[in-house]
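Down below is the structure, laid out as structure tokens.
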Amino acid sequence: MPMDHRIVFFVCLVLQFALRAQTPPQFVNVNASAGIALPPSLGVNRGAAWADFDGDGDLDLFAPEGVSAPIRLWVNQGNGTFTPQVVVPGGGTSRLDQGCVAADIDNDGDQDVFLCQGGGRRCMLFINDGTGSFINEAAARGVDWLGFGLAATFGDYDRDGWLDLFVSEWNFGGATHRLFHNDGGGYFTDVSVAAGVDLSGASYAAMFCDVDRDGWQDIFATRDATGNNVIFRNQGDGTFVDIAPALGASHHLASMCITVGDLHNDGDWDYFISNINDHDLLVWDSSTQSFQSSGGVFWGVAQNYGITGGWAWGGQFFDYDNDGNLDLYYNCIYQFGRLFHGSGTTQPFVEVSAASGVQSALPPSYGLAVVDYDDDGNLDLFSSSGQSGGQLARNLGGGGHWLRVKLEGTICNRDAIGAVVLARTAGTTRRRQLLSGESFLCQGDRRLHFGLGTATVVDSLEIRWPDGSVSVLENLAVDQEITVVQPSFQVVGSLTPGSTNQLLFEPLGDAGRGYGVLLTTTTSPPVALSDGRFLNVWSGDALANAVVQPGNPFFGPSSGVIPPTGPATAYFNIPNLPWLSGFGSYALAFTLDPLYSPSQIRSIMGPQFVVIP
């Protein structure tokens, strides 16, 4: 290379490195500009919850301040700033605020808040009136539990459409897990013993999630140095059994948080559990139908993936640069938090804590939430419970495209907690679970966020609702938030024996496709489809078989084609038989793609419970 060319080349290199050095950090602390001022809480596990509490479309922050200080709602003004609003004034009964989760427990369309209490204080349940004003109704609703409640998670374990509550207790001498069944309308009954989840040993975190992918919400519960972590498998009958040993997940460590994601976009769920220096990364091995092991030590897999170091507490998988691959952040209490960039492959993560700016943006802390508070499509970080109080770090972005999905259940619980969503782009499928209580102490953004890299369109979005329904949308533009309301049935009038009855339904994006409708007496055992979904009808059910029999005099046309506009109508001629009076059944509909191909079920609506008068 001639000398003048080498000089030019050298100058270009110098300029390139200089420009890189001038690139601003990805994360910057915005507490001052946002107007958030939360007091320190060194040594206290104080959480917070993010949700749209006042119904204006953006995310607010419900943040208890501990002891006898106020509980405030920091109201998002929609311009990057927050205004404090007192929920509970200071100077009252002393509190020891712990984990904080938000959910719509009564299906009335707004977000309520469950606040764990430690030190022999009773847990609190704040019912929202829809405007961001709250009343503590824990006693009246059966969840003013007295113990050392440290963390909580919501999920519908019996699929009745009402969110149930699981609480972890940090108690070295007694039972640590409490399961409260939602009996309807947000009123609860303690079913811990009957369900088989009342294990002993201190617990920091738990999460409802479908570990074995059978359509029922299991409970992954960690324990803090007092026993092995457990995976309570939901048996579908109101009881649970620990399957962690069989899956290679029964590890004994000082477990703090739990988070789940599909690290390799391969359809399997992987889990991270924080610890002291050596952490637990559970990567699913489809060949053994269990989690990977490495040298017989729980931390081996995490080390293989380059994830190690720090006394970690909160942690969560998320795609901070929207490149389509999940990354991992966890915060530490004695040093800065750590951000690891994922490649979507089996290659080790790369630590980018300093380069991303997160190392200086967030001080040491316990609790963690991931949230897009400014709705710009870049996921931000919030930490709670540290010497510096609650801190908010904004993600300045600069990465790939994205899609955010907000779900609203109609047949299932209103929040659609437990749903799984698949986004397909150019041959790649990315999956997310809609969860409650992920990470540690804090409730983050429950809108499902997909980083999409260079993809400019989402070819299809498949929503697997927690009740078994499936919806499919196609050709979605990127860099936007969409709201998807679960399609539901509508019975015209009431089901009446001895007459023709109408059932209306309108699946999303299925005009021109064939459909079928069933009535069934039971939804179990379901028919398993080849792609992991379930058609919740028993193939041997007499009522279901009667519906599909050609020429059956009791039932009219229960199949047809979805019209271009408006709902489809299925007709049922219910016989006038005495034994049918008061008979409970389930309605189920499905569409086919391509037309009338029984091997290609596309959308599933229901099961929806209906009663014959």
Side-chain angles (χ1 to χ4, degrees), residues 38-39 46-76 82-147 149-156 161-167 178 180-190 369 384 390 408 413-415 417 436-437 441-443 446:
L38 295 172
R46 193 179 68 209
W50 290 84
D52 180 9
F53 292 107
D54 57 3
D56 66 352
D58 45 36
L59 298 183
D60 313 301
L61 174 63
F62 186 102
E65 299 178 9
V67 195
S68 58
I71 297 176
R72 301 182 197 272
L73 180 68
W74 295 82
V75 180
N76 193 332
F82 296 79
T83 300
Q85 173 181 308
V86 174
V87 174
V88 176
T93 303
S94 177
R95 307 186 315 274
L96 190 60
D97 301 324
Q98 304 289 306
C100 187
V101 287
D104 186 354
I105 66 161
D106 46 11
N107 288 342
D108 66 350
D110 55 45
Q111 294 292 296
D112 311 299
V113 180
F114 182 80
L115 179 59
C116 296
Q117 292 292 313
R121 296 164 174 85
R122 293 191 177 277
C123 293
M124 310 175 80
L125 176 62
F126 294 95
I127 302 300
N128 190 350
D129 69 355
T131 68
S133 296
F134 301 84
I135 299 176
N136 178 21
E137 296 186 9
R141 293 175 179 265
V143 291
D144 62 332
W145 179 59
L146 182 64
L150 204 143
T153 177
F154 284 104
D156 183 5
W162 299 99
L163 287 173
D164 310 302
L165 173 67
F166 186 86
V167 182
R178 311 310 300 171
F180 297 91
H181 178 262
N182 191 332
D183 300 326
Y187 292 85
F188 297 83
T189 299
D190 188 337
S384 72
E408 181 180 318
N413 67 86
R414 180 69 176 259
D415 287 340
I417 290 175
S436 163
L441 292 180
C442 296
Q443 171 68 61
R446 284 207 313 269

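Counting begins at 1 with the first residue of the sequence. From a predicted model like this one, the values you see are computed outputs, not experimental measurements.
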Under 3.5 Å, which donor-acceptor pairs do the side chains of residues 112-119 form with other protein atoms, sequence neighbours left out?
residue	atom	partner	partner atom	Å
D112	OD1	N128	N	2.8
D112	OD2	I105	N	3.2
Q117	OE1	L96	N	2.8
Q117	NE2	D97	OD1	2.7

Pairwise distance [atom1]([X]) to [atom2]([Y]) - rounded to 0.5 angstrom:
X    : Y    : atom1 : atom2 : answer
L163 : R414 : CG    : CZ    : 12.0 Å
F154 : F180 : CZ    : CZ    : 10.5 Å
D110 : I127 : CG    : CD1   : 8.5 Å
H181 : F166 : NE2   : CZ    : 15.0 Å
D60  : L73  : CG    : CG    : 5.0 Å

Can you run down the ring-ring contact (aromatic ring centres under 6.0 Å, His included) pairs that involve residues 91-111, sequence neighbours left out, and say none if there aren't any?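 Listed by first then second residue: nothing to list.
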
Taking [X] for its side chain and [Y] for its backbone only, find out whether a donor-acceptor pair lies under 3.5 Å.
X    : Y    : result
N107 : G161 : yes
R446 : I417 : no
S384 : G390 : no
R121 : S94  : yes

Kindly give the heavy-atom pair with the smallest separation between [X] and [Y], and that separation in Å.
X    : Y    : result
D164 : N182 : OD1-N, 2.8 Å
R72  : P84  : CD-CB, 4.2 Å
Q443 : V101 : CB-CA, 3.9 Å
L165 : A152 : CD1-CB, 3.9 Å
A102 : A51  : CB-CB, 4.3 Å
L441 : R46  : CD1-N, 3.8 Å

Do the non-hydrogen side-chain atoms of Q111 and D415 ever get within less than 4.5 Å of each other?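 When only atoms from C-beta onward are counted, D415 and Q111 do touch, with a gap below 4.5 Å.
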
Taking ring pair (Phe, Tyr, Trp, His ring centres under 6.0 Å) as the definition, give me every residue that meets it alongside W50, ordered by chain and number, with sequence neighbours left out.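 With neighbours one apart ignored, the set is F82, F382.
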
Going by ring pair (Phe, Tyr, Trp, His ring centres under 6.0 Å), name the residues that satisfy it together with F134, two or more places apart in sequence or in a different chain.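 Counting only residues at least two positions away or on another chain, F134 forms a ring pair (Phe, Tyr, Trp, His ring centres under 6.0 Å) with F53, F62.
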
Only counting residues at least two apart or in another chain, list the ones meeting side-chain contact (heavy atoms from CB on, under 4.5 Å) with V88.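 Residues passing side-chain contact (heavy atoms from CB on, under 4.5 Å) with V88: I71, F126.
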
Under the side-chain hydrogen bond (donor to acceptor under 3.5 Å, both in side chains) definition, can you give me all pairs with a residue in residues 134-144, not counting sequence neighbours?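 side-chain hydrogen bond (donor to acceptor under 3.5 Å, both in side chains) check on residues 134-144 returns E137-R141.
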
